[in-house]
Amino acid sequence: MSSAAEAPVVQTRRDGDVLVVSINNPPVNALGQAVRAGLLAAIEQADADAAVRAVLIVGEGKAFIAGADIREFGKPAVPPSLPEVCNRLEASNKIVVAAIHGPALGGGLEVAMSAHYRLALPAAKLGLPEVNLGLLPGAGGTQRAPRLMGVQAAAELMLSGKHLSAKAAQAAGLVDKLVEGNDALAAGLAYANELLAQNARPRRTRDIAIATTEETRAAALAELDALAAETAKKSRGLFSPLKIIECARAAVELPFDQGLARERALFTECLNSPQRAGLVHAFFAERETAKIPEAKAAAPRHFAKIAVIGGGTMGAGITVSALDAGLAVTMIERDAESIARGQANVEKVYNGLIAKGRMTEEAKAAIMARYTPSTSYDSIADVDLVIEAVFEDLEVKKAVFKELDRVCKSGAVLATNTSYLDIDAIAAATSRPQDVIGLHFFSPANIMKLLEIVVPAKVAPDVVTTAFELAKKMKKVPVRAGVCDGFIGNRILAVYKQAADYIMEDGASPYEIDEAVRAFGYPMGPFQVTDLAGGDIGWATRKRRAATRDPKARYVEVADRVCENGWFGQKTGRGFYLYPQGARVGQADPEVLAIVDAERARKGVVPRKFTADEIMRRYMAAMVNEGAKVLEEGIALRPLDIDVTFLSGYGFPRWRGGPMKWADMAGLPKVLADIEEFAKEDALFWKPAPLLQKLVAEGKDFDSLNKA
Ligand code: 3HC
Ligand code: NAI
């Protein structure tokens, strides 16, 4: 009995003198065990058959081979290994040709580099992106790439994880021949037969000599030293980049087989590192967030023309994002002056690209032709989707939505970019709450990847799927969130920010806290972020919430004191830090420390010392505990949605996988024990989330909820 599902993932067939080996392992022809075994068997079949003179490797579907099967990492290895397969391919006594028509990444490129000749079609993408997963090319890539493209270029390819186009790959020496079209099989067969007609011989990458003289060897090693110094600075705590350079060094210094052995040892170290686990989690989590309950039920609505209401910081960024996605955008502002400012905000982004030589005036003009400025709501009667980005004020937003309700055509999607406000209340201002949704972009909206898609109670499922479709068009990372104060990200941020304030009042300086957070892997600490965003924004929120704050809750007033001085951060030249003469990097401010001391004294707090570890235990415990509450309330669908929110929107170090993955790796019992210990000082703030207690009691982790 056979069915399509059981069809072998590697099939062979003869075409004249050529054995065609085609890989058919959807969706991306990853090199799982069956594919590795199939490739090995195919090459043995070719070598054993005197009638076969050449082997052609092609991938079915969109990809050539996207690499090792990432799902197998961390599980027991099952032979044959990929290095073994690659070595066997390269050793073949028949000529081996790879015809690449799509992604040839990681192990996929390693297979291609083990072939004797490489052909690429225009849609080919070649790269060694293992570094993005905390790894290094582990099937000979670190030894073969330097032989084909030179040591420095290979090291740079492996360190950047970049994909090369077919043309760039040929220029770099990775590809022998380019052919137009998309028929890899026909092009590959023609090339293989052409090679046979020329009596071409097997040509093994391993035999290419690199750095043969003392001078070239010394020069290559010096280049690697320079790259290592630069990488140590840039890669901030990442493990695999420096190991990649060690492998490249081995390619220069050692014979091929010893280089391979070195690569294997270092690959195994990377594979076993917690960073690999964090980065692989991030890879899959980012692909899971689009899998939402509404996806099966409702196809997205059509949209091509959109409107953005408000041309301030966010409105302009959203407009750029939409224009870049090929949409037509009408921007609405209050008056002529504001719309002129809104348009200038948009043009500033493109002018910046022109100044850097990354865009031409003509390209800008073509984009701006899809942009229409207006001060009249009546001009958006025919748009398919609206994104509101006016002031963060419920009454102002309700008035805008009333206008939208009046002018927009039936079925138009009406979205708000509010950061905190109640979207159910905004929807209730219209006669069509089924069309109202939250689209929470992050600043700068044309750059930041995260898009929280906030789903109010009455919204129709096809509006939710439309929002996900928009995210895809804009190349954003979408996360589905429920309505609450701050949704997923800002709600959790508010809590760990509070923890940071408590730590400050209890004894650590804001500078020590920022340093500990940076050492953990964040690009900036919380007080630096406040200074960058503007302290006045948080101050306004705190004032708004003052009336509803639990009087029993501890409230730290240091930030209010700082703001009362007009110290709002970078834009005012000082905040928690000093920014003399517009400096971007702040300096510690003794006057801020004096405010902190005065506040401690006023509250009778005797300051104590905190190590960086003690700071981070509290910071992370606050984040994870609130994350568990967000899950319990259904604000986030799965722990991975929280992880992706923090990875894409809040600078959480990607190699730690996100806060919930971090908690799993730290061990939930340990995190809960910390919370219980801190609760002895402040039971209200450190109230353990029941979900966290339940998981610990059942011996489970957050990841078990991702799979449920
Ligand atoms: N292993 C297992 N699954 C993979 C995979 C891989 N290498 N690459 C992609 N997938 C899966 C995705 O998880 C997704 O699954 P889903 O549909 O169930 O969510 C599906 O394939 C499609 O992937 P994308 O949504 O990313 O599709 P795109 O068309 O946008 O992108 C791609 C295709 C460019 C191939 C992209 O998936 C990609 O970059 N993949 C990873 C490539 C990579 O990192 N390769 C190196 C692996 S490590 C290695 O090879 C080690 C070796 O040196 C020993
Ligand atoms: P902003 O003050 O820079 O811009 C608001 C714009 O809206 C102004 O240009 C104003 O003229 C215009 N506007 C006000 N009322 C209007 C009306 N009735 N019709 C048309 N235009 C009107 O504010 P910003 O920062 O762009 O914020 C906008 C929204 O985005 C707010 O809801 C905010 O909470 C949210 N947001 C802001 C982020 C940020 O970092 N700035 C991040 C994510 C969301």
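Side chains included, hydrogens not; waters and symmetry mates left out as well; all remaining heavy atoms used. Read the numbers this way: they start at 1 and go in the same order the structure lists the ligands and their atoms. Because the structure is a prediction, the values reported are computed rather than measured.
For Lys661 and Phe646, the positive end is not near the middle of the six-membered ring at less than 6.0 Å and at most 45° from its axis. Relative to the six-membered ring of Phe283, Arg287 meets both conditions, a distance below 6.0 Å and an angle of at most 45° to the axis. Cation-pi geometry between Arg545 and Tyr420 is met: under 6.0 angstrom from the ring centre, within 45 degrees of the axis.
Atom 20 (C) of ligand 1 has as its closest protein heavy atom Pro27 CG, 3.5 Å. Residue, atom and distance of the protein heavy atom nearest to atom 36 (C) of ligand 1 are Arg287 NH2, 4.1 Å. Looking at atom 2 (C) of ligand 1, its nearest protein heavy atom turns out to be Asp69 OD1, 3.3 Å. Closest to atom 18 (O) of ligand 1 among all protein heavy atoms lies Lys291 NZ, 3.4 Å. Among protein heavy atoms, the minimum distance from atom 9 (C) of ligand 1 is reached at Val28 CG2, 3.6 Å. The protein heavy-atom contact nearest to atom 7 (N) of ligand 1 is Ala68 O, 2.8 Å. Summary of contacts: the protein heavy atom closest to atom 40 (N) of ligand 1 is Phe283 CZ, 3.6 Å. Considering only non-hydrogen protein atoms, atom 35 (C) of ligand 1 sits nearest to Ala66 CB, 3.6 Å.
Remark: Lys398 engages Glu395 in a salt bridge, criterion side-chain N to carboxylate O under 4.0 Å. We find that Asp378 and Arg406 are joined by a salt bridge, their nearest charged nitrogen and carboxylate oxygen being less than 4.0 Å apart. Looking at Lys75 and Glu72, no side-chain N of the basic residue comes within less than 4.0 Å of a carboxylate O on the acidic one, giving no salt bridge.
Heavy-atom distances between Lys62 and ligand 1 stay at or above 4.0 Å for every pair. Judged by the shortest distance from any of its heavy atoms, Ala63 lies outside the 4.0 Å radius around the atoms of ligand 1. Ligand 1 has no atom lying under 4.0 Å from any heavy atom of Gly141.
Using a 4.0 Å cut-off to heavy atoms of Gly67, the atoms of ligand 1 that qualify are 50 (O). Against a heavy-atom cut-off of under 4.0 Å, Leu133 is close to the following atoms of ligand 1: 44 (O), 47 (C), 48 (S).
Residues passing the salt bridge (charged side-chain N to carboxylate O under 4.0 Å, His left out) test with Lys305 are Asp382, sequence neighbours excluded.
Ring-centre distance between Phe442 and Tyr650: below the 6.0 Å cut-off.
Remark: atom 5 (C) of ligand 1 lies closer than 4.0 Å to at least one protein heavy atom. For atom 48 (S) of ligand 1, the nearest protein heavy atom lies under 4.0 Å away.
No part of Asn132 comes within 4.0 Å of ligand 1, judged by heavy-atom distances.
Polar contact with ligand 1: present for Glu110 (N/O pair, distance under 3.5 Å).
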Inset, instruction - Output, in order, the C-alpha distance, side-chain angles, deciding distance and verdict of side chain to side chain contact (heavy atoms under 4.5 Å, CB included) for Leu404 and Thr430. - result: CA-CA 8 Å; Leu404 296 177; Thr430 71; over 6 Å; no
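Using a heavy-atom distance under 4.0 Å as the criterion, the protein contacts of ligand 2 are Ile309, Gly310, Gly312, Thr313, Met314, Ile332, Glu333, Arg334, Tyr377, Ala389, Val390, Phe391, Glu392, Lys397, Val400, Asn417, Thr418, Ser419, His440, Phe441, Ser443.
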